[in-house]
Chemist: 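Questions regarding the structure given below will be posed in turn.
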Amino acid sequence: MSRRAKAGGEPAKTKRRKTVAPKRNLPKARRPSTSGQENMIARLTRELAEAREAEQQVLHSSAQFAILVQNIKDYAIYMLDKTGRIITWNSGAERIKGYTRDEIIGQHFSRFYTDFDRKSELPTKALRQAAADGKFEGEGWRVRKDGSQFWASVVISPIHDGSGTLMGFAKVTRDVTERRQAQDLLEQKNKDLEILAARLRRERNNKLLNGQAIVAAIAHEVRQPLTRITAGGNAAQRFLKMVPPQHDKAEAALEGIVSAGHLTSEVIDGFRALFAKGDQAQELVDVNEIMQRVLESLSSDLYGRQIEPRVELTSKLPQVNGNRSQLQEVMSNLIVNAIEAMETTSDQSRVLHVRTELRDRQAVAVVVKDSGPGIDKDKLDGIFTAFVSTKRYGTGLGLAICRMIIEYHGGKLSASSDGKDGGASFEFVLPIASANDANA
């Protein structure tokens with residue numbers, strides 16, 4: 001029976017049921033995963049621990065590095081700010097430069113440079129180059145606290161932060177004074193060796209030159225009397241062939257030959273004595289007597305060239321101590337030079353002045369003056385130099401040897417000239433003999 005009918009025939013009231021919607025398969029809400037959070041926390045913890053360990057290692061390494069730098073004593077290692085002021089200082093810097101850390105921190109590093117380098121702005125240029133090129137290297141003198149200097153080898157490097165901004169500079173200085181001294185000593189030794197080698201070369205050349213000079217000088221001086229001997233012989237032959245023979249002139253020519261022969265022998269003896277080793281024979285000699293003998297031997301030359309000799313020999317001259325043949329060679333050389341100098345002048349103006357005199361009661365002077373063209377002033381200082389001659393075919397040895405002879409006798413030989421057409425004057429001065437020389 002239907003539930004809708006109740007007893008008694010009345011229709012039964014229908015009881016409404018609540019309609020329940022069918023269940024849908026909705027997604028479940030996600031719950032946070034406990035295991036994922038734990039992994040992330042573990043990872044972060046591990047990274048923090050690693051960073052802390054790395055930081056500790058960096059701090060430990062930095063501390064070790066700082067200790068290492070601080071204990072280095074052979075190098076001055078310190079840091080500068082951008083302007084060049086010192087911000088760190090190690091024990092090596094204190095030992096090398098003499099400043100303590102408290103004395104130098106905050107000071108500008110230019111105080112280590114010399115005044116010259118500071119004036120030339122070398123410290124500023126060094127920092128500028130280090131910043132531009134990444135490094136500055138150089139050597140130079142640096143100044144310690146006590147003012148003493150040392151030779152330094154320097155390296156300056158720039159320091160940048162992570163963004164590349166310049167923060168300052170690291171500077172390393174080494175005292176290399178001993179190396180510099182050793183280098184200087186080596187260079188000096190090399191220079192000494194070069195000087196020694198040059199001196200040996202000069203000595204070798206001088207020996208060869210002296211040998212050539214001796215030969216040339218002997219040939220030059222001997223040629224003059226030999227020329228007179230030849231001329232005298234030819235003259236004697238001519239006088240004897242004349243009709244009637246001119247015996248007196250021939251005899252005079254022969255006497256000139258004999259005199260020239262003696263002069264040749266004396267020239268050779270003089271050179272032998274001049275270049276001989278050891279003491280050279282000297283004696284008391286009369287300068288007037290030697291001059292008279294020279295003038296007699298050259299009389300034919302004077303007469304043949306129409307030269308007028310004007311001789312003024314001071315009487316009673318004190319004697320000098322010297323080598324007779326050498327002094328005779330000097331006088332002969334000076335007179336022959338005067339004769340040759342006057343060959344270009346007219347016959348009427350050829351005058352030879354010869355004079356002896358006493359100087360200050362201490363020396364005897366001999367003066368030989370010609371009336372030739374004179375000597376240019378720019379050439380006057382060099383006429384006594386070997387191989388320098390004013391003559392066209394001169395060897396330049398005669399006057400050099402004359403000066404050497406006079407200086408060996410303790411005297412002085414000099415020349416003067418009034419210039420063009422003023423003639424030339426040669427003078428030598430010899431000290432008079434002492435009482436000891438006279439009693440010897």
Side-chain angles (χ1 to χ4, degrees), residues 221-222 224-225 228-229 232 252 254-274 276 279-303 307-339 351-370 398-399 401-414 425-440:
E221 300 303 330
V222 171
Q224 296 176 5
R228 290 197 290 273
I229 290 173
L254 292 173
E255 288 178 357
I257 292 174
V258 173
S259 177
H262 288 306
L263 180 59
T264 303
S265 179
E266 291 172 356
V267 168
I268 295 174
D269 291 339
F271 275 110
R272 183 184 294 114
L274 179 62
D279 296 334
Q280 300 177 14
Q282 292 189 352
E283 58 183 336
L284 293 176
V285 295
D286 185 342
V287 171
N288 284 342
E289 178 187 346
I290 298 175
M291 179 57 76
Q292 288 174 341
R293 186 171 181 181
V294 171
L295 289 171
E296 289 174 1
S297 67
L298 296 173
S299 59
S300 60
D301 294 86
L302 295 170
Y303 178 80
I307 296 174
E308 177 189 354
R310 297 179 184 177
V311 183
E312 300 177 13
L313 304 181
T314 301
S315 61
K316 297 182 180 179
L317 274 180
Q319 292 181 314
V320 299
N321 190 42
N323 185 287
R324 182 182 299 273
S325 61
Q326 291 178 2
L327 295 178
Q328 180 173 312
E329 173 63 22
V330 172
M331 296 179 193
S332 176
N333 197 298
L334 295 180
I335 293 176
V336 170
N337 285 346
I339 293 173
V351 179
L352 174 68
H353 296 272
V354 177
R355 185 175 75 255
T356 63
E357 59 186 39
L358 180 64
R359 294 280 178 86
D360 301 326
R361 298 181 181 275
Q362 296 179 349
V364 171
V366 176
V367 181
V368 177
K369 187 178 186 306
D370 63 65
L399 290 176
I401 293 174
C402 287
R403 171 170 277 187
M404 184 168 59
I405 291 173
I406 295 301
E407 289 180 349
Y408 169 74
H409 284 77
K412 182 179 180 181
L413 173 61
S414 59
S425 178
F426 289 83
E427 172 185 298
F428 67 85
V429 180
L430 296 174
I432 63 175
S434 63
N436 292 333
D437 294 330
N439 296 329

Chemist: Taking all non-hydrogen atoms of both residues into account, name the closest pair between Ala433 and Leu284 and its distance.
Modeler: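 So the two residues come closest at CB-CD2, 3.3 Å.
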Chemist: Answer whether the closest heavy-atom distance between the side chains of Ile335 and Leu295 falls below 4.5 Å.
Modeler: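 Yes - at least one pair of side-chain heavy atoms lies under 4.5 Å apart.
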Chemist: Are any non-hydrogen side-chain atoms of Pro309 and Val354 less than 4.5 angstrom apart?
Modeler: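 SC-SC contact between Pro309 and Val354 ruled out.
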Chemist: Name all residues meeting the side chain to side chain contact (heavy atoms under 4.5 Å, CB included) criterion together with Ser299; count only those two or more places apart in sequence or in a different chain, and write none if there are none.
Modeler: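 Testing Ser299 for side chain to side chain contact (heavy atoms under 4.5 Å, CB included), a comparison that skips the adjacent residues, returns none.
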Chemist: Just to verify, what does Glu427 make a side chain to side chain donor-acceptor pair (under 3.5 Å) with, not counting sequence neighbours?
Modeler: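 If we apply the side chain to side chain donor-acceptor pair (under 3.5 Å) test to Glu427, skipping adjacent residues, the hits are Arg359.
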Chemist: Can you list the residues that meet the side chain to side chain contact (heavy atoms under 4.5 Å, CB included) rule with Val258, with sequence neighbours excluded?
Modeler: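 Scan of Val258 (side chain to side chain contact (heavy atoms under 4.5 Å, CB included), adjacent residues dropped) gives His262.
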Chemist: Can you find a pair of side-chain heavy atoms, one from Leu399 and one from Arg403, that are under 4.5 Å apart?
Modeler: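 No, their side chains stay 4.5 Å or more apart.
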Chemist: His409 versus Asn323: any side-chain heavy-atom pair under 4.5 Å?
Modeler: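 Side chain of His409 against side chain of Asn323, heavy atoms only: contact under 4.5 Å found.
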Chemist: If you measure from CD on Glu329 to CG on Leu334, what distance do you get to the nearest 0.5 Å?
Modeler: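 So the CD of Glu329 and the CG of Leu334 are separated by 9.5 Å.
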Chemist: State the CG-CD1 distance between Asn321 and Ile432, to the nearest 0.5 angstrom.
Modeler: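 Separation between the atoms: 12.0 Å.
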Chemist: Side chain to side chain donor-acceptor pair (under 3.5 Å) with Gln292: which residues, sequence neighbours excluded?
Modeler: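 Gln292: no side chain to side chain donor-acceptor pair (under 3.5 Å) contacts found.
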Chemist: Where do Asn337 and Phe426 land on the side chain to side chain contact (heavy atoms under 4.5 Å, CB included) test, with the steps shown first?
Modeler: CA-CA 10 Å; Asn337 285 346; Phe426 289 83; 5.7 Å; no
Chemist: Which atom names give the shortest non-hydrogen contact between Ile257 and Gly232, and what distance separates them?
Modeler: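 Scanning both residues completely, I find the closest heavy atoms to be CD1-C, 3.4 Å.
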Chemist: Would you say the side chain of Asp286 lies within less than 4.5 Å of the side chain of Val320, judging by non-hydrogen atoms?
Modeler: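 Answer no - side chains too far apart.
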Chemist: Please tabulate, one pair per line, all N/O donor-acceptor pairs under 3.5 Å involving side-chain atoms of residues 361-369, not counting sequence neighbours.
Modeler:
| unit_1 | atom_1 | unit_2 | atom_2 | d |
| --- | --- | --- | --- | --- |
| Lys369 | NZ | Gly422 | O | 3.4 |

Chemist: Which residues pass the side chain to side chain donor-acceptor pair (under 3.5 Å) test with Ser297, sequence neighbours left out?
Modeler: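 Residues passing side chain to side chain donor-acceptor pair (under 3.5 Å) with Ser297: none at all.
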Chemist: Apply side chain to side chain contact (heavy atoms under 4.5 Å, CB included) to Lys316 and Leu358, showing your working.
Modeler: CA-CA 10 Å; Lys316 297 182 180 179; Leu358 180 64; over 6 Å; no
Chemist: Rounded to the nearest 0.5 Å, what's the gap from CD1 on Ile406 to CD on Gln326? Could you check?
Modeler: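 Going from CD1 on Ile406 over to CD on Gln326, the span is 9.0 Å.
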Chemist: Do Arg324 and Glu289 come close enough that some side-chain heavy atom pair is under 4.5 Å?
Modeler: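 Contact flag for Arg324/Glu289 side chains = yes.
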Chemist: So which atom in Val285 and which in Gly322 form the shortest heavy-atom distance, rounded to 0.1 Å?
Modeler: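 Closest pair (atom of Val285, atom of Gly322, distance): CG1-O, 4.0 Å.
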Chemist: Which pair of non-hydrogen atoms, one from Ala338 and one from Asp370, has the smallest distance, and what is that distance?
Modeler: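 So the minimum-distance heavy-atom pair works out to CB-CB, 3.7 Å.
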Chemist: Looking at CG of Leu313 and CD of Glu357, how far apart are the two atoms once the value is rounded to the nearest 0.5 Å?
Modeler: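 Output value for this atom pair is 11.5 Å.
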Chemist: Take Ile339 and Ile307 through the test side chain to side chain contact (heavy atoms under 4.5 Å, CB included) and record every step on the way to the result.
Modeler: CA-CA 8 Å; Ile339 293 173; Ile307 296 174; 3.7 Å; yes
